[in-house]
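The structure appears right after this line, and notes come after that.
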Amino acid sequence: MSKGFFITFEGMDGSGKSTQIEILKKRLESNGEDVIFLREPGGTPISEKIREIILDKGNSEMTDVTEMLLYAAARAQLVEEVIAPALRAGRTVICDRFIDSSIAYQAYGRELGDCVSAVNSYALGGIMPDLTILLRSDANLGETRIRDREKDRIEMAPDSFKDRVCRGYELIEKADPDRVVGIDARDTVENISSRIWDEVESRRGEA
Ligand code: TMP
């Protein structure tokens with residue numbers, strides 16, 4: 001049904017997503033392409049308000065189920081208000097995190113299991129990414145990179161949680177190898193960005 005192209009970036013906190021998204025953005029924009037860049041949770045006024053609630057360190061009493069539902073709510077709003085119309089209009093949409101983050105962090109990290117995909121089927125409205133770039137890293141690499149800035153509520157979770165998230169991402173990549181392209185986050189910024197560019201170019205050519 002959609003004519004556009006939908007790319008998502010995934011990975012542990014500190015895996016270098018933002019750097020790579022910025023490089024891809026510059027490259028596409030210098031080609032004069034009509035591309036929308038979004039982040040999750042966020043991307044609409046309502047979803048950004050939900051983001052503040054989720055990441056607020058003061059909300060230490062938030063239950064795991066509440067957290068999972070809030071991510072799904074922010075996603076539902078973003079899909080219906082921005083992503084679906086953009087794809088219908090034939091645009092390219094790039095999103096920093098999407099459904100795989102909920103599977104890795106809530107289904108595996110918080111150990112909520114299958115209910116996460118079930119709930120998110122309402123949020124997705126049948127839309128899945130055409131290509132997902134997964135920056136593969138272990139929990140330690142991310143930890144070193146985010147050490148110097150203030151951590152949000154999710155980043156403050158214990159190492160055991162981060163190990164489960166990491167394992168979750170491994171399983172996501174194995175389960176959907178056609179969509180999910182795993183790239184070693186320890187490689188150089190240049191190597192990673194050229195690999196991403198090759199994938200984006202070849203996949204959009206096929207679409
Ligand atoms: P960010 O720091 O990449 O903007 O993401 C915000 C945090 O939210 C990050 O620690 C990952 C987490 N997250 C989830 O736990 N589940 C989700 O569904 C999404 C989108 C993000």
Side-chain angles (χ1 to χ4, degrees), residues 6-22 24-25 37-44 46-60 62-79 82-83 93-125 127-129 132-169 171-172 180 185:
F6 184 25
I7 305 168
T8 58
F9 277 76
E10 293 284 352
M12 306 285 293
D13 293 293
S15 59
K17 284 182 292 100
S18 313
T19 306
Q20 292 300 331
I21 289 172
E22 200 46 43
L24 180 61
K25 182 171 186 226
F37 286 84
L38 302 165
R39 70 165 178 184
E40 274 219 323
T44 73
I46 292 172
S47 309
E48 289 289 337
K49 282 187 187 162
I50 297 174
R51 178 187 178 94
E52 279 172 29
I53 297 171
I54 298 175
L55 299 181
D56 185 349
K57 278 189 299 194
N59 286 335
S60 55
M62 187 183 292
T63 72
D64 293 347
V65 172
T66 302
E67 177 186 287
M68 182 269 290
L69 292 170
L70 286 174
Y71 278 116
R75 182 165 300 129
Q77 188 66 33
L78 181 67
V79 166
V82 183
I83 298 178
V93 177
I94 299 182
C95 197
D96 183 351
R97 298 192 179 282
F98 196 59
I99 176 62
D100 298 309
S101 285
S102 282
I103 303 298
Y105 283 77
Q106 279 69 53
Y108 290 98
R110 301 291 192 213
E111 300 183 292
L112 290 175
D114 291 343
C115 73
V116 179
S117 345
V119 164
N120 272 277
S121 67
Y122 293 95
L124 294 173
I127 287 176
M128 274 299 279
T132 296
I133 302 291
L134 169 62
L135 292 177
R136 273 198 225 115
S137 67
D138 53 35
N140 291 335
L141 177 69
E143 191 58 33
T144 315
R145 290 185 178 170
I146 59 180
R147 204 164 36 204
D148 295 337
R149 61 173 165 85
E150 209 187 329
K151 291 181 176 175
D152 61 39
R153 197 179 58 81
I154 306 289
E155 289 166 346
M156 285 165 65
D159 288 350
S160 52
F161 170 79
K162 289 168 193 161
D163 290 340
R164 288 194 298 273
V165 174
C166 211
R167 177 80 187 126
Y169 273 129
L171 295 172
I172 289 168
V180 183

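Each ligand, and each atom within it, is numbered from 1 in the order the structure gives.
- Checked by atom type and distance alone, the side chain of Asp56 never pairs as donor or acceptor with a backbone atom of Glu52 at under 3.5 Å.
- Side-chain atoms of Val180 and Ile172, non-hydrogen and from C-beta on, do get closer than 4.5 Å to each other.
- The heavy atom nearest to atom 20 (C) of ligand 1, out of those in Met12, Arg75, Glu10, is found in Arg75.
- Note on Asp138 versus Arg167: no salt bridge recorded, every NZ/NE/NH1/NH2 to OD/OE distance being 4.0 Å or above.
- Those atoms of ligand 1 with a heavy atom of Glu40 less than 4.0 angstrom away are 20 (C).
- Counting heavy atoms closer than 4.0 Å to ligand 1, residue Gln106 contributes side-chain atoms (C-beta onward) but none from N, CA, C or O.
- For the pair Lys17 and ligand 1, a heavy-atom separation below 4.0 Å is found.
- Considering both main-chain and side-chain atoms, Arg97 comes within under 3.5 Å of ligand 1 through a nitrogen or oxygen pair.
- Less than 6.0 angstrom separates the ring centroid of Phe98 from the ring centroid of Phe6.
- Annotation: atom 9 (C) of ligand 1 to nearest protein heavy atom, Asp13 OD1, 3.2 Å.
- Every atom of ligand 1 is numbered from 1 in the order shown, and the set under 4.0 Å from a heavy atom of Ile154 is 10 (O).
- We find that Arg153 and Glu67 are joined by a salt bridge, their nearest charged nitrogen and carboxylate oxygen being less than 4.0 Å apart.
- Interatomic distance, Glu48 CD to Glu40 CD, rounded to the nearest 0.5 Å: 10.5 Å.
- With respect to atom 4 (O) of ligand 1, the closest heavy atom belonging to the protein is Arg51 NH2, 2.9 Å.
- Among all protein heavy atoms, the one lying closest to atom 17 (C) of ligand 1 is Tyr71 CD2, 3.3 Å.
- The backbone N or O of Val65 lies less than 3.5 Å from no partner atom in the side chain of Arg110, so there is not a single donor-acceptor pair.
- Protein heavy atom in closest approach to atom 18 (O) of ligand 1: Ser102 OG, 2.6 Å.
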